[in-house]
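Everything on this sheet refers to the single structure shown next.
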Amino acid sequence: MPELSQDTERARAPLPFGVAEVTGPSMVPTLYHGDRLLVHYGARVRAGDVVVLRHPFQQDLLVVKRAAERRDGGWWVLGDNSYAGGDSTDYGTVPDELVLGKVRFRYRPRKAAQRSPLALLGWALSAARPVFSSDRSASRRLRAR
């Protein structure tokens, strides 16, 4: 869950893109703690997209989840790690006005231990990737609950 203050978000408002950092395991294996995200604010959201939203009960906290399904009143969002919690199973449908943007790209920072040429090559090939939509497990998980 990237944590940004409202002041930080307000300062970035004129730009359609912003950067956020992931904290916590709720989106593993898609996103890991420490990943940096390029967020397209105001982008059209479809089922399966990874989105940044305001937490419904703590609106100064921004969270990253997958928009699983469009429902009356907003989006049903789920984390890719079903064991981590902190998604719509806890707080219900998220109103449209709390969904801020869509994650387009993720970047994994290099670890200090990655110094050998082979380790650097492996990092360079896997560090930066686009974040694609996925409806792989969302519908199955929704039916199972």
Side-chain angles (χ1 to χ4, degrees), residues 1-114 119-120 122-145:
M1 299 187 317
E3 299 178 23
L4 298 175
S5 69
Q6 288 182 346
D7 294 334
T8 304
E9 186 182 331
R10 228 178 275 122
R12 294 182 183 166
L15 300 175
F17 291 95
V19 178
E21 181 176 349
V22 176
T23 59
S26 69
M27 287 300 291
V28 171
T30 306
L31 304 171
Y32 290 90
H33 180 80
D35 283 356
R36 303 320 193 277
L37 306 175
L38 178 65
V39 181
H40 185 183
Y41 291 104
R44 185 173 149 227
V45 175
R46 297 183 321 211
D49 288 343
V50 177
V51 296
V52 172
L53 56 113
R54 288 187 188 282
H55 192 284
F57 302 138
Q58 189 179 354
Q59 293 186 11
D60 61 337
L61 178 66
L62 300 182
V63 296
V64 176
K65 299 293 176 195
R66 189 172 299 278
E69 182 180 70
R70 184 87 172 106
R71 292 188 177 182
D72 289 337
W75 284 98
W76 187 263
V77 296
L78 295 172
D80 285 357
N81 181 354
S82 59
Y83 299 108
D87 54 23
S88 285
T89 57
D90 295 330
Y91 45 76
T93 303
V94 177
D96 289 325
E97 59 270 10
L98 296 182
V99 178
L100 302 176
K102 182 170 158 175
V103 175
R104 297 288 187 177
F105 201 76
R106 72 113 171 110
Y107 167 82
R108 292 188 177 145
R110 185 177 64 87
K111 296 176 183 160
Q114 293 175 314
L120 287 174
W123 168 78
L125 293 174
S126 68
R129 295 272 167 98
V131 176
F132 295 109
S133 297
S134 171
D135 44 277
R136 59 178 170 79
S137 63
S139 61
R140 278 183 260 151
R141 285 178 47 205
L142 285 171
R143 280 185 288 232
R145 293 182 194 254

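For this chain, numbers begin at 1 and follow the sequence in order.
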- Task: Would you please test L62 and R54 for side chain to side chain contact (heavy atoms under 4.5 Å, CB included) and show each step?
- Result: CA-CA 5 Å; L62 300 182; R54 288 187 188 282; 3.8 Å; yes
- Kindly determine whether V51 and V103 satisfy side chain to side chain contact (heavy atoms under 4.5 Å, CB included), including the steps that lead there. CA-CA 6 Å; V51 296; V103 175; over 6 Å; no
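V45 and W75 make their closest contact through O-CZ2, 3.4 Å (heavy atoms, listed as atom of the first residue, atom of the second, distance). When all heavy atoms of S26 and A84 are compared, the closest pair comes out as CA-CB, 3.5 Å. For V64 against M27, the heavy-atom pair with the smallest separation is O-CG, 3.5 Å. Closest approach of R104 and A43 over heavy atoms only: NH2-CB, 3.8 Å. The shortest non-hydrogen separation linking A47 to A68 is CB-O, 3.6 Å. Here the closest heavy-atom approach between residue L98 and residue P56 is recorded as CD1-CA, 3.8 Å.
Looking at residues two or more places apart in sequence or on another chain, you find a salt bridge (Lys or Arg N to Asp or Glu O under 4.0 Å) between R36 and E21. For R46, the salt bridge (Lys or Arg N to Asp or Glu O under 4.0 Å) criterion is met by no residue, not counting sequence neighbours.
In this structure, the side chain of R108 does not engage the main chain of D35 through any donor-acceptor pair within 3.5 Å. Here the side chain of H33 pairs a donor or acceptor atom with the backbone of G24 at under 3.5 angstrom.
Between D87 and K65, none of the side-chain N atoms (NZ, or NE/NH1/NH2) sits under 4.0 Å from a carboxylate O, so this pair counts as no salt bridge. Salt-bridge annotation for R66 and D80: present, with a side-chain N of the basic residue lying under 4.0 Å from a carboxylate O of the acidic one.
Within the 4.5 Å cutoff, the side chain of W76 has heavy atoms near those of the T89 side chain. Between V39 and F17, the closest side-chain pair of non-hydrogen atoms is not below 4.5 Å. Counting only heavy atoms from C-beta outward, the side chains of L100 and L53 never approach each other to under 4.5 Å.
Residue pairs meeting the side-chain hydrogen bond (donor to acceptor under 3.5 Å, both in side chains) criterion with at least one member in residues 90-101, sequence neighbours excluded: R70-D96.
Counting heavy atoms of neighbouring residues, nucleotides and ligands inside a 6.0 Å radius, atom CZ of F57 exceeds 12 of them.
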